[in-house]
Amino acid sequence: MSIAIAAAAIFLLADGPAEPARIAEAESTAQDRGSANPVDQADAVSIERAEAFLARIDAGDWEGSWELTGTPIRSEISLREWREQVAPVRAPLGRVLSREVATIERASSLPGAVEGEYQVMQFRTRFENEEGHSVETIVMKMGPQGWEISGYFIA
């Protein structure tokens, strides 16, 4: 069964560009992931942003994750609405036992979205209260300040 979290949230905006030291760290971490999943600099930055967002979700920090979404989504969905949509789906899954980047696909268009530069990231995640692995999908869109989170789904 596929569960969409904040499906009404079309464009979530992550914080501005990452600091150079954090970008370098993300690139190093991404390169350490091994040759089975080569990651370029753009991927490293988007992975860093996605992982920061997921860390807030994992901690039950609904406000912190909402704040990472930026102005466009915050004008569409309130913190209360975000919490009401995300918490009942994510909290019961429990803590993360493991998470790894499974795929990163690039696209210039996605169904129901405006044309642009996108990355669709899928993480293979094992949760404490879920049998087997789940797939967390984060859709990133290139915006004026870099990669922006524009969707989050768990299946």
Side-chain angles (χ1 to χ4, degrees), residues 1-58 61-62 64-79 81-86 89-90 93 96 98-127 132-155:
M1 173 182 339
S2 178
I3 302 170
I5 296 181
I10 302 300
F11 294 104
L12 306 177
L13 183 62
D15 285 338
E19 300 168 26
R22 291 178 60 208
I23 291 173
E25 180 183 343
E27 288 172 1
S28 173
T29 301
Q31 290 169 356
D32 290 343
R33 293 181 196 278
S35 59
N37 189 14
V39 179
D40 65 17
Q41 183 177 3
D43 292 342
V45 172
S46 60
I47 289 170
E48 177 187 17
R49 289 186 179 185
E51 288 177 339
F53 175 78
L54 289 170
R56 301 267 176 108
I57 296 285
D58 294 342
D61 181 3
W62 315 124
S65 63
W66 180 77
E67 287 174 357
L68 287 178
T69 65
T71 304
I73 191 56
R74 288 189 299 228
S75 66
E76 292 285 325
I77 184 172
S78 70
L79 171 58
E81 292 167 322
W82 174 254
R83 185 181 300 118
E84 288 172 357
Q85 290 180 17
V86 179
V89 175
R90 176 56 186 87
L93 297 174
V96 171
S98 66
R99 177 183 283 134
E100 63 185 24
V101 176
T103 63
I104 299 175
E105 295 182 19
R106 293 196 170 127
S108 58
S109 65
L110 294 173
V114 298
E115 297 246 343
E117 184 179 352
Y118 291 92
Q119 283 189 0
V120 179
M121 291 184 183
Q122 292 192 320
F123 291 82
R124 189 170 185 240
T125 307
R126 211 173 135 82
F127 293 104
H133 287 89
S134 295
V135 176
E136 290 179 290
T137 302
I138 294 184
V139 179
M140 306 287 282
K141 182 178 187 299
M142 182 57 77
Q145 296 184 22
W147 288 109
E148 304 170 345
I149 297 170
S150 63
Y152 175 51
F153 310 92
I154 299 176

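Please read these numbers as outputs of a predicted model, since none were measured by experiment. For the numbers below, each heavy atom of this structure counts, side chains included, while hydrogens, waters and symmetry mates do not.
Between Glu115 and Ser109 the shortest heavy-atom distance is OE2-CB, 4.0 Å. Here the closest heavy-atom approach between residue Phe53 and residue Ser65 is recorded as CE1-O, 3.7 Å. Pairing each heavy atom of Ser98 with each of His133, the nearest pair is OG-NE2, 4.3 Å.
Within the 4.5 Å cutoff, the side chain of Phe153 has no heavy atoms near those of the Val135 side chain. In this structure, the side chains of Asp43 and Arg106 come closer than 4.5 Å at one or more pairs of heavy atoms. A heavy-atom distance below 4.5 Å is found between the side chains of Trp62 and Ile57.
Interatomic distance, CD1 of Ile104 versus CE of Met140, reported as 9.5 Å (0.5 Å rounding). The line from CE of Met121 to OH of Tyr152 is 13.5 Å long, rounded to the nearest 0.5 Å. A distance of 12.0 Å separates CD in Gln122 from OG in Ser134, rounded to the nearest 0.5 Å. One finds the CD atom of Glu105 at 10.5 Å from the CD atom of Gln119 (value rounded to the nearest 0.5 Å). We find the CD-CG distance between Glu136 and Asp58 to be 6.5 Å, quoted to the nearest 0.5 Å. Expressed to the nearest 0.5 Å, how far CZ of Arg83 lies from CG of Asp61 amounts to 9.5 Å.
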field: Chi angles and distances behind the side-chain contact (heavy atoms from CB on, under 4.5 Å) call for Glu51, Ile138
entry: CA-CA 10 Å; Glu51 288 177 339; Ile138 294 184; over 6 Å; no
task: Step by step, work out the side-chain contact (heavy atoms from CB on, under 4.5 Å) result for Met142 and Trp147.
output: CA-CA 5 Å; Met142 182 57 77; Trp147 288 109; 3.4 Å; yes
- request: Would you sort out whether Val96 and Leu54 count as a side-chain contact (heavy atoms from CB on, under 4.5 Å), showing the intermediate values?
  value: CA-CA 10 Å; Val96 171; Leu54 289 170; over 6 Å; no
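The backbone N or O of Ile77 sits less than 3.5 Å from a side-chain atom of Trp66, completing a donor-acceptor pair.
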